[in-house]
Amino acid sequence: MNPASESELAETVASATGPFAVIGGGTRRFGSMPDSERLSTRRLDGIRIYEPGALTLVASAGTPAEDVAALLAENGQRLAFEPMDYRAILGTAGTPTIGGIAATNSSGPRRIQAGACRDNMLGIRFVNGEGKILKNGGRVMKNVTGYDLVRLLAGSHGTLGILTEVAFKVLPMPESAASLAIRRLDSVSAVKSLSAALGSPFGVSGAAHLPGWKGEEASTIIRIEGFGESVKYRAGKLRDLLRGYGDIDVEFDQERVDATWRSIRDAERFSASVGDIWRISVKPSDAPGIVEKAAGLERADAMFDWGGGLVWMLVPEGTPLRDLLGDFSGHATLVRASPETSSRVRTFQPLPPAHAGIASALRRQFDPRGILNPGLMC
């Protein structure tokens with residue numbers, strides 16, 4: 001089903017007799033819902049309001065993310081949270097949509113500086129599981145009254161409501177950028193160096209570590225953005241601060257810097273590899289130990305983002321990774337797997353009983369019939 005308007009979407013949901021698999025552009029296929037009818041928001045398209053001077057943009061949920069990026073770029077602006085494009089690792093077609101980005105809270109390397117997608121969302125309109133049209137927030141940051149449904153819906157993967165419109169705060173593009181790369185660090189030393197960089201006053205906007213793999217040496221990479229002379233000054237100061245970790249290369253070419261961080265953002269390292277892909281959120285200091293638990297697996301690989309707070313892992317197909325990791329402070333999400341694995345392994349980390357009770361109560365409140373992406377996040 002492909003409703004062409006918010007009202008048509010509401011009518012479709014209100015009259016539904018079975019569950020829906022809610023999608024936007026179809027680029028982020030998470031989990032398995034074989035008995036659900038596909039319901040797309042792709043035709044809810046268009047940028048409703050854009051006020052460059054107010055740093056505000058409002059777009060319908062099905063608007064392609066590339067259209068939003070192009071319009072913002074014309075005015076020297078961008079979505080600061082750097083949303084990921086999953087097509088490289090999932091092998092999907094289609095076009096990422098602004099609603100899909102919000103529904104999955106998709107946030108890239110710049111999250112450590114600019115916050116997550118939800119932190120940049122100002123307001124939403126959505127259709128709940130009863131077919132009612134609801135709205136929350138507005139077009140300014142201090143516009144939260146009552147319940148903060150903006151943050152609740154962000155990252156809910158369509159299980160609480162179907163987004164129809166999203167308002168974002170946007171920010172100016174920086175004049176220039178630089179990447180600093182330290183070679184051949186082990187994971188423990190890499191996380192320490194990233195923590196030192198993030199704790200410095202030099203405005204780090206990216207902090208990643210790529211362990212050695214397939215003949216390539218390990219690389220620990222840090223990004224700085226801003227005005228040209230400021231970037232050069234801060235890069236020099238940061239290089240001096242981190243000199244004890246080894247030789248440091250500094251790249252100022254904008255195209256190369258952008259390409260490096262686009263590859264990190266989209267986990268392109270795994271795009272041509274066979275196996276399951278997991279996304280693990282942990283304390284940065286715990287990241288090396290998490291990766292070490294999978295070190296004995298054949299064809300396993302990993303990469304760190306957010307200073308070690310986000311670990312991407314590639315493991316052989318069907319690996320029971322959560323069992324292998326045991327209890328840890330964080331959560332592991334199965335992003336890519338075969339249909340057979342996806343049918344028996346929960347996509348999202350099981351919640352503790354108290355949290356699970358709250359989540360179930362919220363779903364009953366927003367989707368009492370249980371028809372919106374059922375089973376995806378429970």
Side-chain angles (χ1 to χ4, degrees), residues 1 3 6 9-10 12-42 44 61-62 83-84 86 90 96-107 116-118 121 123-137 147-166 279 281 331-337 342-378:
M1 292 186 173
E6 183 182 68
L9 172 63
T12 299
V13 174
S15 61
T17 58
F20 291 117
V22 183
I23 65 170
T27 63
R28 300 172 177 81
R29 288 197 308 249
F30 286 2
S32 176
M33 292 175 285
D35 298 325
S36 300
E37 184 173 8
R38 168 178 157 148
L39 178 60
S40 173
T41 61
R42 183 62 186 84
L44 307 181
M84 178 181 180
Y86 282 85
L90 297 184
T97 63
I98 209 68
I101 287 170
T104 58
N105 192 36
S106 181
S107 313
C117 173
R118 61 166 54 94
M121 290 169 58
I124 56 172
R125 291 177 64 92
F126 67 99
V127 174
N128 71 3
E130 295 179 293
K132 297 178 180 177
I133 298 173
L134 305 173
K135 63 180 181 178
N136 186 245
Y147 296 110
D148 191 353
L149 302 185
V150 174
R151 289 175 179 266
L152 182 63
L153 268 288
S156 65
H157 290 258
T159 60
L160 301 178
I162 305 172
L163 292 171
T164 60
E165 186 177 278
V166 187
R279 186 179 186 274
S281 294
H331 52 86
T333 302
L334 180 59
V335 173
R336 188 186 79 185
S342 294
S343 68
R344 61 180 176 82
V345 178
R346 296 176 71 168
T347 300
F348 295 91
Q349 183 84 21
L351 295 172
H355 294 173
I358 294 172
S360 294
L362 283 170
R363 281 194 293 272
R364 288 194 300 270
Q365 183 70 32
F366 286 89
D367 179 24
R369 294 181 293 165
I371 63 172
L372 303 180
N373 287 346
L376 179 60
M377 298 193 74
C378 64

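Small disclaimer: the values here were computed from a predicted structure and weren't measured.
Expressed to the nearest 0.5 Å, how far NE2 of His157 lies from CZ of Phe348 amounts to 3.5 Å. Rounded to the nearest 0.5 angstrom, Ile23 CD1 and Ser40 OG are separated by 4.5 Å. Atoms CG and OG1, on Leu9 and Thr164 in that order, are 7.0 Å from each other to the nearest 0.5 Å. Here the straight-line distance linking atom CD of Gln349 with atom CE of Met377 works out to 12.0 Å at 0.5 Å rounding. Here the CE-CZ distance, from Met84 to Arg279, works out to 8.0 Å after rounding to the nearest 0.5 Å. In this structure, CG in Leu152 is found 8.0 Å from CD1 in Ile124, a value given to the nearest 0.5 Å.
For Arg151, the salt bridge (Lys or Arg N to Asp or Glu O under 4.0 Å) partners are Asp119, Asp148, not counting sequence neighbours.
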Test side chain to side chain contact (heavy atoms under 4.5 Å, CB included) applied to Ile101 and Arg28, step by step: CA-CA 9 Å; Ile101 287 170; Arg28 300 172 177 81; 3.0 Å; yes
Stepwise side chain to side chain contact (heavy atoms under 4.5 Å, CB included) test for Thr41 and Leu163: CA-CA 8 Å; Thr41 61; Leu163 292 171; over 6 Å; no
Test log, rule side chain to side chain contact (heavy atoms under 4.5 Å, CB included), inputs Thr333 and Thr347: CA-CA 6 Å; Thr333 302; Thr347 300; 4.1 Å; yes
Arg369 vs Val13, side chain to side chain contact (heavy atoms under 4.5 Å, CB included): CA-CA, chis, key distance, verdict: CA-CA 11 Å; Arg369 294 181 293 165; Val13 174; 4.2 Å; yes
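A distance-only check finds a donor-acceptor pair linking the side chain of Arg42 to the backbone of Gly62 [under 3.5 Å]. Under the 3.5 Å distance criterion, the side-chain polar atoms of Ser106 are left unmatched by any main-chain donor or acceptor of Thr104. No donor-acceptor distance shorter than 3.5 angstrom exists from the side chain of Thr159 to the backbone of Asn373, with no hydrogens or angles considered.
Contact between Met121 and Val150 at its shortest, heavy atoms only, is CB-CG1, 3.6 Å. Taking every heavy atom of both residues into account, Pro3 and Leu44 meet most closely at O-CD2, 3.8 Å. Considering every non-hydrogen atom in both Thr97 and Gly25, the closest pair reads CG2-N, 3.5 Å. Residues Ser107 and Cys117 come closest through the heavy atom pair OG-N, 2.9 Å. Between Ala154 and Arg118, the shortest heavy-atom distance links the atoms O-NH2, 2.8 Å. Closest approach of Ala10 to Ile133, counting heavy atoms only: CB-CG1, 3.9 Å.
Under the 4.5 Å side-chain criterion, counting only non-hydrogen atoms from C-beta, Phe366 is not in contact with Ser156. Put simply, the side chain of Phe20 reaches to within 4.5 Å of the side chain of Thr12, judged on heavy atoms. Residues Pro374 and Ser36 have side chains in contact (heavy-atom distance under 4.5 Å, counting atoms from C-beta outward). Residues Arg363 and Leu160 have side chains in contact (heavy-atom distance under 4.5 Å, counting atoms from C-beta outward).
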